[in-house]
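Residue numbers count from 1 along this sequence. What you see below is based on every heavy atom in this structure, not just the backbone, and it leaves out hydrogens, waters and symmetry mates.
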Amino acid sequence: MAFTIEQIEDKPIFVATFSEPHNSSQDSAGINEAMLPKLEEFEGTVYYIPDMRQVDVNFGDMVAGLQQAFASGVDTIYTNPRTKILTVGTQDLVRLAAEAVKTQEQYKKIPIDLFTTVEEAIAKAEKLMSQQAAS
């Protein structure tokens, strides 16, 4: 598996940076295994920021990774209602995957956001946290 996970300060914000060699199915399973326990550590929303900028995504890998991540009937970090996904990527296939997750039933129509930098995604997560705290 070719990824690292970094927690931002002591906040429920986790940045997963993917690198080569990238295997979408294995990496999705590995992220799920690493991130599910984080839901136990925090109350409320956990912000998951996959940074896909360093990987060369092809169509087959994208579909396989989405199928692994959003498998029907399985509780994953991707489908848990307490997870907010803020994807970082600039490739066309990353944008296509984000749109597929938001609009297609087989991916649960989960409202994910897409950013071009990790800093933008972290800022969005912090803004959402502030809004939750104010409610």
Side-chain angles (χ1 to χ4, degrees):
M1 288 178 262
F3 63 83
T4 59
I5 298 176
E6 174 190 3
Q7 182 176 359
I8 304 303
E9 299 168 7
D10 60 348
K11 300 172 184 173
I13 302 172
F14 297 88
V15 177
T17 303
F18 293 87
S19 58
E20 297 294 348
H22 177 65
N23 180 305
S24 295
S25 293
Q26 289 179 359
D27 290 348
S28 291
I31 287 291
N32 189 55
E33 184 178 315
M35 287 295 301
L36 271 177
K38 306 301 183 194
L39 290 170
E40 301 300 320
E41 293 176 29
F42 293 94
E43 291 185 20
T45 304
V46 171
Y47 300 88
Y48 168 57
I49 302 173
D51 181 359
M52 304 298 294
R53 294 174 300 167
Q54 297 178 29
V55 296
D56 185 25
V57 179
N58 67 51
F59 187 77
D61 282 346
M62 178 193 75
V63 172
L66 290 174
Q67 287 174 339
Q68 174 72 34
F70 297 95
S72 186
V74 178
D75 184 28
T76 70
I77 191 70
Y78 309 96
T79 60
N80 190 294
R82 290 185 41 228
T83 304
K84 175 66 177 162
I85 303 172
L86 306 164
T87 301
V88 177
T90 55
Q91 292 182 38
D92 289 339
L93 283 177
V94 172
R95 284 193 289 275
L96 178 65
E99 192 62 29
V101 170
K102 290 193 290 190
T103 61
Q104 295 182 20
E105 279 299 327
Q106 71 262 31
Y107 305 129
K108 317 287 192 263
K109 292 187 175 182
I110 294 173
I112 68 171
D113 295 323
L114 183 64
F115 301 88
T116 57
T117 69
V118 169
E119 293 77 18
E120 290 172 331
I122 292 170
K124 176 69 173 195
E126 290 173 334
K127 180 179 178 182
L128 292 170
M129 286 174 59
S130 294
Q131 291 172 345
Q132 273 189 341
S135 328

Is there a donor-acceptor pair under 3.5 Å between the side chain of Arg82 and the backbone N or O of Phe42? yes
Are the side chain of Glu6 and the backbone of Thr17 linked by a donor-acceptor contact shorter than 3.5 Å? no
Check whether Ile110 and Tyr47 end up in the same hydrophobic cluster, where Ile, Leu, Val, Met, Phe, Trp and Tyr are linked by side-chain heavy atoms less than 4.5 Å apart. no
Distance (rounded to the nearest 0.5 Å) between Thr87 OG1 and Met52 CE: 8.0 Å
Interatomic spacing from CG in Asp51 to OG in Ser19 - rounded to 0.5 Å: 10.0 Å
Just so I know, are the side chains of Lys124 and Lys84 near enough to count as touching, which here means a heavy-atom distance under 4.5 Å? no
Does atom CD of Glu43 have more than 12 heavy-atom neighbours from other groups under 6.0 Å away? no
Evaluate the side-chain proximity of Asn80 to Leu39: yes if any heavy-atom separation is below 4.5 Å, no if none is. yes
Check Ala34 against Ile5 and note the closest heavy-atom contact, atom names and distance. CB-CD1, 3.5 Å
Could you give the distance from OH (Tyr48) to CD1 (Ile13), rounded to the nearest 0.5 Å? 14.5 Å
Decide if atom CD of Glu33 counts as having more than 12 heavy atoms of other residues, nucleotides or ligands within a radius under 6.0 Å. no
Run the salt-bridge test on Lys109 and Glu105 with the 4.0 Å N-O cut-off and return the result as yes or no. yes
Taking the side chain as C-beta and beyond, is there a heavy-atom pair between Asp56 and Gln91 under 4.5 Å? yes
Tell me, do Leu86 and Glu120 make a side-chain contact under 4.5 Å, heavy atoms counted? no
Which label fits Phe70 and Tyr78: parallel for a plane angle under 30°, tilted from 30 to 60°, or perpendicular past 60°? tilted
Is the closest side-chain heavy-atom distance between Val88 and Arg53 below 4.5 Å? yes
